[in-house]
Amino acid sequence: MFSVKRLIIGLVSVVPFGITVPALATVEYDSLISSTMFDGIRADVNTTATGIITILLIIVGLAMIARAFTR
């Protein structure tokens, strides 16, 4: 049957959604993360990889020279 308490609870639960849904529909999407934020990390990784490869080439070169002199 009809209850004032049930009507009030129904209105209270519907009113906030009725206000917020149209307000949310007018808000444009704005990304919090963009790909340009990772340019510095990519540069650091490239520098690190280049340094590791350079060190490995130096070690391999020294090992080849040392092996050539010990024969």
Q: Mark yes when over 12 heavy atoms from residues, nucleotides or ligands other than Met64 sit less than 6.0 Å from its CE; otherwise mark no.
A: no
Q. Picking from Leu62, Val60, Leu56, what satisfies side-chain contact (heavy atoms from CB on, under 4.5 Å) with Ile58?
A. Leu62
Q: Check Leu57, Ile53, Ile59 against Ile55 for a side-chain contact (heavy atoms from CB on, under 4.5 Å) and give me the one that passes.
A: Ile59
**Q.** Of all pairs that satisfy side chain to side chain donor-acceptor pair (under 3.5 Å), the ones with a partner from residues 42-56, not counting sequence neighbours
**A.** Asp39-Arg42
